Amino acid sequence: MVAPGHFKLHAAYTPDLTAGDYVLEGTQTLSSGSDTYATEQLQTHLKVTAPRFTLPADQIASTFPPANSEGAYEDRLPQIVIKRRTLPWERKPEPDSPETEPWLALVVVAEGEGTLSTETKVAECVTPGITLTGDGDVATSVYLSVPQSVLDKIFPTREDLSLLAHVREVDLRDTELAMGDDDGFLSVVLANRLPQFNRETCTPVRYLACLVSLEGQAHLLPPPPPEPHFDFDSNVQVVNTTLITAIKPDPDHAVTGKPGVEPRFANERSAQPLGGAKASVASWAVNRAHVEGVALSTTQSKVSSEVRTAMGIGFKRNLELVIAEAFYRFPVLAHWSFTCNGAGSFGSYMQGLDVGLLGTAPPDPKGRKLPPCTEPPGGDKPPGSPPTRLPPELVETGHVGLPYVTRGGDAQRAWYRGALTPHVIDRDQPDGTGHLRFAHVSDQLRRVVPDGREDLAYAAAFEIGRLLALSQPAVIDALMRWRRDRFSVERAARLTDQVRAGMLGLLPNVEWLRQPGLGDQVAKQFVKVAGVNPAQVLGPSRPLVDPARPLDLMGRSLDDVLARGLSIPSTAVAILRGSEGHPGVDSVGLGVLNGIRQSQVDLAHAADAPFDAGALAHLGASLTDVVEGFVRDTQVPARVGAGSFDPGARFRGGNR
Amino acid sequence: MKQLTASIVLSALKASAVSFEAGVAEPATSLGDRAVPAELRGWLARLRLLEGVPFSYLVADSALLPPESIRFFYVDRAWTDSLVQGALSVGTVNSGDRTQLERLYPAIRDDIDVEEREVRLPGGEAGQKGPAGTVTGLLLRSAAVSGWPGMHVRAYRRDVVGDEEVVPESHPDRIKVLRLERLAPAVLLALFDGVPQLVHLEEPRQGIQFGVRLTQIEGTTQYQAQVPARNRDTSTTVEPEQLMRVFFRPGAPGVLDLGRTAKEFRQTAATHIGTAIDSAEFALQMLRFPFRQVFGELEDVPMDSVFRPSIGLRLVDLEKRFKTQG
């Protein structure tokens, strides 16, 4: 057992039985006295299975760098952590291998250094000419195909293999290290390569990490380098990447000459060399986004296989078409891709930080050495352009002078300081009565400083708070409910306390008056009572139709006007209107006048209003105004003046 | 025709009062000794911690936070109080509401002071009690923020904890983090509940990592790497630090020559490896622990300008300063 936060490293955990077919033989000797009896020999066939071409996804505890991640990994060795502690030693790379030699290696290839195949029959997943005996765990898998030169340069040597796999024992309670393992023992396979990025162009480089099987192929691994090297050149290319530009990303296309299924992300990047000096920034960004898109868009059951396929994008070019070398295939049990974009370690960034209090003058950009590649690559900014903006107007208090347009429209400058200041600011303290300064509108917080400018810091803060509250209906609702349920209930309770003596008989229990929701309850109850007989409680209901003003018929009969306007005989009008001589219609109460006649409306009496000389003069003047406007707008003064009736004239003048 | 009379209203009130008594049984949400309802309290406390406030209102000019910089600050309590007052003003309609709010405001303010410490309580640790004090914080704008998501930020009142230890947040010398958030991919905001003497920024601990110390040879594109020796028997770094060279394979950047590197490890006596090296011993030498940057008044840290004692400024003081500035 190990303590939380601690872990133990073990060199290897070799299984007692490696994968393969076994025969269990049992013999029994039966004897009684001097007699012996023959017994049948037991022969049981036993098969020890182990992953061979594919690692089940649930066996991977973690990977570093995280799959599809992007970061400064150039001083870290990629690793894969496998839950099964014996897995790296469950098979033998070569028949004569020692027990502690693992059959797995983690190989890290950059774009253009190797080809990741599509799903292939497992028999074809190894270098042609090599056959693996025994059963495979799956029918198809993927393989990594690399030319001789890449094999020699980046694959581990035979001697390296046993240094690269070990077992880690962690405390199960330590979730960070155990990551959901069942027994606390995890096997770890390290890569032998520090991922680098293109330091010349500050371009990130995308890598594919493959857990490959070396079973039966360990003799292909390169010999140790003859000369010791203490350093490496970060700009050396493993493969001449300019060669690869000719290959379409789709292998079908390259082989058959016909376009195969176009990859969804296909774009102009295939026309550019990969990893070379001109590699586009877009390519890794697109690939990364593509993997994320696949992960989000596929169904639950397919997500792991689809994401796995998507990770291999960019490594599908068929290098065999352009590189005239021997190619070797290695079965890939697991693979993931990541991007190395760093320009330094975490430490170098931290040491390079400009340290200061907020509100201090910014450092001179020329005198400051930023870590390399800090600026995002490929920006549209021309190099070395002089600063185009003036330095900010800063004072020691942390205030910044900013352009400000007053409500009157004047362009001015005002002082502003955000919530973050370089000095301790005294907070308002309550006065002797416990009272605090409280602003109800932002203008209460505007200050004018002696240089004549306004200090708008607190006024702006007030407005932001107000607008943030207003932007969320839930907050507004909570504020209003608070006021309604708490403030008004409190007010009602205080009021009740005052009138309590006189109302004791009416209100037996006063405590509940402090409960929120009483106001609503009273209102509901009142509506119920009022609803039983509204005419008694609330007064008579309003007539459905308001009486119209008396019609000015200009000396004609109403029947005639209606008949002319509607183009119908005047007798029909008389029938509809319910005039004398047509009692049948009149008795059922049809017609406009009948409707007016039947509704009972209290009208204000003219006698009630004071009517004096002043009112009369005012009325006369208003009337004159109206008439004059009427005449102007209608543009037919003669007809109005002649007193003829034209119903349309009223509306012709527009909306007066 | 009956008029709407006081007796009708009173009888309706009485009827509702009688029927309401049944409803009293279900407990109304009681505020207890708090002044602000819970749903509002949380929102106002987060507003206090500047949640949702546009960044340009926090840092008024981009020159105040240049690329690759860290800026420490005090939080202006008067500013955040104004922010809360603005939010509270939304609920007022008439002068009666305003009077009530003004009378209640001291209680509201104290209530949010308590609440703002309960917004972020990681790992079920107890919140801090007592009257609200000075809130400080830092803004970090660096590629380190985007490159290492999940960076650890810790603040300490006193340097009693040694450089390599991690103490829980409830430790009395550790200052609570009130808010820790990435405002933009490369901008990190942290608010501390107190004035720290030391601030630790630490690389996230994503499991265990293996690697080297990479150094560029000045003026070339060549890189060298080293690892500090660790004692195989005690698993601790050898003191004083003893660096071992890492060998590379020619022709491929970054590919290690493990055979020679392992030999170098073996031949370094301080590692106590002996004559043969196995993968566990090799891994032990290659282990890399997270990098920790310490900001504070320590030796060899160029931090003299950070958290120096300074005088609080009120409007009166402001006037003086503006006057002398002309």
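As the structure is a prediction and not an experimental result, all values here were calculated from the model. Proteins come first, then strands; the chains are lettered A, B, ... in the order of their sequence lines, and each starts at number 1.
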Comparing B:Arg260, B:Met151, B:Arg77 against chain A, the one with the most heavy-atom pairs below 4.5 Å turns out to be B:Arg260

The interface call for A:His10 against chain B, heavy-atom contacts under 4.5 Å, is backbone

* Do the non-hydrogen side-chain atoms of B:Phe55 and B:Leu65 ever get within less than 4.5 Å of each other? -> yes

Turns out that what part of B:Leu50 lies under 4.5 Å from chain A's heavy atoms comes down to side chain

Honestly, the part of B:Arg98 sitting under 4.5 Å from a heavy atom of chain A is both

Checked B:Thr80, B:Leu44, B:Val53 vs chain A; the most non-hydrogen pairs under 4.5 Å come from B:Val53

query = Quick check: does any side chain N or O of A:Arg193 sit under 3.5 Å from a backbone N or O of A:Val108, one acting as donor and the other as acceptor?
reply = yes

Side-chain donor-acceptor pair under 3.5 Å between A:Glu396 and A:His423, yes or no? no

query: Is any side-chain heavy atom of B:Tyr74 less than 4.5 Å from a side-chain heavy atom of A:Pro422?
result: no

Under 4.5 Å to a heavy atom of chain A? For B:Leu47 that would be side chain

Note to self: Please check: side-chain N/O of B:Trp79 versus main-chain N/O of A:Phe462, any donor-acceptor pairing under 3.5 Å?
What the structure shows: no

Applying a strict 4.5 Å limit to non-hydrogen atoms, the region of A:Leu190 in contact with chain B is side chain

If one checks every heavy atom of B:Leu104 against chain A at 4.5 Å, the contacting part turns out to be side chain

_Using side-chain heavy atoms (C-beta onward) and a distance below 4.5 Å, is B:Leu64 in contact with B:Arg71?_
no

When the 4.5 angstrom heavy-atom criterion is applied to B:Glu39 and chain A, the contacting part is side chain

Turns out that what part of B:Tyr223 lies under 4.5 Å from chain A's heavy atoms comes down to both

Turns out that what part of B:Glu264 lies under 4.5 Å from chain A's heavy atoms comes down to neither

message = Between B:Thr215 and B:Gln224, do the side chains contain a donor N or O and an acceptor N or O under 3.5 Å apart?
response = no

If one checks every heavy atom of B:Ile277 against chain A at 4.5 Å, the contacting part turns out to be both

Cut-off 4.5 Å, heavy atoms of chain B, and the answer for A:Leu402 is side chain

From the list B:Ala60, B:Ser82, B:Gly91, the residue making the most non-hydrogen contacts under 4.5 Å with chain A is B:Ser82

Assert top hit (heavy-atom pairs under 4.5 Å, partner chain A, pool B:Thr261, B:Leu40, B:Leu201) equals B:Leu40

Does a donor on one side chain and an acceptor on the other come within less than 3.5 Å for A:Asp455 and A:His399?
yes

Applying a strict 4.5 Å limit to non-hydrogen atoms, the region of B:Val84 in contact with chain A is neither

Heaviest contributor of heavy-atom pairs below 4.5 Å to chain A, chosen from B:Val246, B:Leu140, B:Asp81, B:Thr134, is B:Asp81

Q) Does atom CZ of A:Phe230 have more than 12 heavy-atom neighbours from other groups under 6.0 Å away? A) yes

Heaviest contributor of heavy-atom pairs below 4.5 Å to chain A, chosen from B:Ala186, B:Gly259, B:Pro253, B:Gly211, is B:Pro253

_Regarding A:Asp152 and A:Ser149, do their side chains bring together a donor and an acceptor under 3.5 Å, going by distance alone?_
no

Whatever's closer than 4.5 Å to a heavy atom in chain B on A:Arg76 counts as both

Problem set entry | Donor-acceptor contact present, side-chain A:Arg466 to main-chain B:Ala87, <3.5 Å | no

*Between A:Phe64 and B:Phe210, does the ring centre distance come in under 6.0 Å?*
no

